[in-house]
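Input: a single structure, listed below in structure tokens.
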Amino acid sequence: MTALLTDLNPEQLEAVTWPHQSALILAGAGSGKTRVLTTRIAYLLQSGLTQPQNLLAVTFTNKAAREMVARISTMLPINIRGMWIGTFHGLCHRMLRAHYEDAGLPQAFQILDMADQLAVIKRILKERSLDEKVLAPRQLQWFINNAKEEGLRASQVDTRGSFNRTLAECYQVYEAVSMRGGTVDFAELLLRCYELLSRNEILRDHYRGRFEHILVDEFQDTNRLQYQWIKLLAGSGSQQHAAIFAVGDDDQSIYAFRGAHVGNMRDLEKDFSVPKIIRLEQNYRSQGNILDAANALIENNKGRLGKNLWTAAGKGESVRIYYAATDVDETSFIVDEIKALHAEGLSLSEIALLYRSNAQSRVLEHGLFNASISYRVYGGMRFFDRQEVKHALAYLRLVASPDDDNALLRVINFPPRGIGARTLEQLQDQAEILGTSLWQAALKVCEGRKAVTTRGDQPGRGIAGFVNLVLSMQQACEGQPLPEIIRRVVDQSGLVAHYQAEREGNNERLENLKELVNAATSFVHEAEDDSLTAFLAHASLEGGEHQAEGYQDAVQLMTVHAAKGLEFHSVFISGLEEGLFPHENSRNEPNGLEEERRLMYVAMTRARQRLYLSYAESRMLHGQVRVNVPSRFVDEIPEELLKRLRSSGFSGAGYRQGLSGTGQNTVSTAYSRQGRGKHTPVSAAVRVAPQGLNTAGLHIGQQVSHTKFGTGTIVNYEGNGSDMRVQVNFHQTGTKWLSLTYAKLVPL
DNA sequence: AGTTTGTGTATTTTT
DNA sequence: TACACAAACT
């Protein structure tokens, strides 16, 4: 116990040992949030204040949930099964599985991910012959999800005005389709579970009696429905049973655009009579100047709960800022700095390149690629999102639940078996008439045909072929273990044969199909429920890793959103221009600018030692060169914390005027465009030393030796004191920037 | 039925 | 610019 609580600062200790009463922990970036959360759990258990089965901990991402489980396991020798730890969706799903009948769902209900949901919506719009221009599928999807997050069913939404009526009607149809197919989308998991608990008193009392402590991570990201769900589970007023332990940071709320409601923090304080907010303000991550800069920036937001991060570490380095002529110039600056940092011994994986929008990664990737610096881009397609995997999953869904129209439509003609648009139309009409699923209609069609004549239908083709295929799959899977089911379905589906038959580029697809079997094998080992249905739910709820590559030391490229929760030795935030960051679309959104500022705050607080900010005067965007003004966020950082790597008097080079770097002490970097957009440096950064360089007995032209790079000549330098770096032209390895504080240079 | 050409459109994203 | 998706072609 004492071991558990040592090394906690007073605020952390107060949070961890908080009595059985609701709490709101305002946990700044790098203040040991996860540690407090997990230590609190360990403390409650170890001191016998509660039992594992009386705890519920909820997070947003599977990754966070896994991390929590892992950390608790290292702190406590006890078995933590019995504890409910998971994402909102995962926990709701668990309850719905346990009480599917009470929730009005079929036993094998399937979960639709965003893409599946969008496909259903497109189908509905097409059936109702609503033009995309009148009602975009995404708009309807947004509408439905929003309504659900507000707790509204189709019958409850606003129907005033013809457009609203159309939306409501579509929502109604969507509900009916979901019901018939036994499918549940992400928002539905939450709403259904909420409704289940609010309507079913017995169940509600059961869970209220069970959970004494409800711990919520990233509380600032909860939406209204999630908060209602927590409230319902905890009980409120005189009904209150559980204590809520909410940990969050209003300054890091960057998901309002998808329904997160920071106001939940204030509501919690009120609804659960939280006596005081505990503030974790000591930061264990970043050095002083970085924190001061971040604090100064976020000060510009109104209505904050209020918090000022501080550190016991020193001021550290200044925040470096670079004003580039163009995006290409900006990239080349970043590349040079990365080379220097790497040369000084920093691993590439300790360097992050952050940007506001994904489109910005292109130039950066290009630059890194040309410089042969390995990098890794986060985001993009996940395993269970891949086409071939989705096809295989669709077959599996049909085995588990054949009335799932979405799954059926996905693979009824894939691999192609001669079912064209008109056949499909007939089938859909048939289903419409019978008021059943497509699968039921298909069964009817087959029966009818058998009775009349099977006129030369080739086996395995047409509707009959499909129906027989699915039936035989179902038969083959009866009573088989999960990996075997998947092996058989993948095999019988003809997907492998199909991809093999195609000319090229399908190796990866075939590998992924094999990988699906592996995924099932490991799933069987880990999950307590190893049924097919459970695996399918797992696939929907946990899209799988973005990239399954092994570890390789590489520069990390990602959006600022993706960087939340991570930290790096050195961070580059690029594209700090008005219109990009803050993004111009944020202007139309209420409090959009403040969310952008929080985003910037999150970005800055990712850095431990060194933070680089950069902006480009002109940038290629959407195929056009745009001239931009520096981001207001740069101006919000006190000048004394900054170290400008290019004089701010710099003006117009690059795209507009060609090269022009002027004046002494300015870095002039020029590029020529060659061939198809390939760029090559014409002259590397050159800085004319104003006088000699007499620090540490070094001067330009001085011969030095380095343990790793051998001997070379000092050609350039910048900065002073501990920040001083010199550029050395090594005989073997070429020119490198080295920091005098790190590199051990011996004058010759 | 599959391939090609054309058009439109560009934040952020987890479950 | 570049990609996704849809209509149009063969």
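Predicted, not measured: the structure shown is a model, and the values here were computed from it. Reckoned from all heavy atoms, side chains included, excluding hydrogens, waters and symmetry mates. Letters A, B, ... are given to chains in the order of the sequence lines, protein chains preceding strands, and every chain is numbered from 1.
With DNA chain B read from its 5' end, the first of the two nearest nucleotides for A:Glu595 and A:Ala187 is the one closest to A:Glu595. With DNA chain B read from its 5' end, the first of the two nearest nucleotides for A:Asn62 and A:Ala421 is the one closest to A:Ala421.
Applying the 5.5 angstrom centroid cut-off and the 30 degree plane-angle cut-off, the aromatic ring of A:His89 is not stacked upon the base of B:dT15.
A cation-pi geometry, defined here as NZ or CZ lying under 6.0 Å from the six-membered ring centre and within 45° of its normal, holds between A:Arg97 and A:Phe109.
Across all strands shown, A:Glu584 has no heavy atoms under 4.0 Å from either base or sugar-phosphate atoms. Across all strands shown, A:Asp221 has no heavy atoms under 4.0 Å from either base or sugar-phosphate atoms. Nucleic acid contact class of A:Gly420 (heavy atoms, under 4.0 Å, all strands): sugar-phosphate only. Using a 4.0 Å heavy-atom distance criterion, A:Phe60 is classed as a sugar-phosphate-only contact. If you check every strand for non-hydrogen atoms under 4.0 Å, A:Asp113 touches nothing.
B:dT12 has its base anti relative to the sugar, with a glycosidic angle deviating from 0 by more than 90°.
In this structure, of B:dT12, C:dA6, B:dT14, it is C:dA6 that holds the atom nearest to the side chain of A:Lys122. Side-chain proximity of A:Phe257 to B:dG2, B:dT15, B:dT12: nearest is B:dT12. Each of B:dT14, B:dT11, B:dT13 was ranked by its minimum atom distance to the side chain of A:Thr61; first place goes to B:dT14. Checked against B:dT15, B:dA10, B:dT12, the side chain of A:Arg382 finds its nearest nucleotide in B:dT15. Nearest to the side chain of A:Arg362, among B:dT12, C:dA2, B:dT13, sits C:dA2. Side chain of A:Thr559, nearest nucleotide from B:dT11, B:dT15, B:dT13: B:dT13. Here the side chain of A:Glu589 is nearest to one of B:dG2, B:dT11, B:dT15, namely B:dT11.
The residues A:Arg66 and A:Glu526 are annotated as not salt-bridged, no charged nitrogen and carboxylate oxygen being separated by less than 4.0 angstrom. Ion pairing of A:Asp185 with A:Lys148 is present here, as a side-chain N (NZ or NE/NH1/NH2) and a carboxylate O approach within less than 4.0 Å. With respect to A:Arg632 and A:Glu636, no salt bridge is recorded, no charged nitrogen being found less than 4.0 Å from a carboxylate O. A salt bridge links A:Glu595 with A:Arg598: the distance from a Lys NZ or Arg NE/NH1/NH2 to an Asp or Glu carboxylate oxygen falls below 4.0 Å.
Rounded to an integer number of Å, the gap from A:Asp185 CG to B:dT15 C1' is 11 Å. Atom CZ of A:Phe384 is separated from atom P of B:dT15 by 13 Å (rounded to the nearest Å). A:Gln220 has its CD atom 20 Å from the P atom of B:dT12, to the nearest Å. The distance between atom CZ of A:Phe186 and atom P of B:dT15, rounded to the nearest whole Å, is 8 Å. One can place NE2 of A:His498 at 11 Å from C1' of B:dG2, the figure rounded to the nearest angstrom. Taking atom CE of A:Met114 as the reference point, atom P of B:dT15 lies 12 Å away to the nearest angstrom. Going from atom CG of A:Asn358 over to atom C1' of B:dA10 covers 12 Å, rounded to whole Å. A straight line from OH of A:Tyr355 to P of B:dA10 spans 20 Å, rounded to a whole angstrom.
One P atom belongs to C:dC5, the other to B:dT12, and the distance between them is 15 Å to the nearest Å.
Scored by the ring-ring contact (aromatic ring centres under 6.0 Å, His included) test, A:Phe523 finds A:Phe535, A:His538 as partners (sequence neighbours excluded).
The side chain of A:Asn413 contributes no N or O atom lying less than 4.0 Å from OP1 or OP2 of B:dA1.
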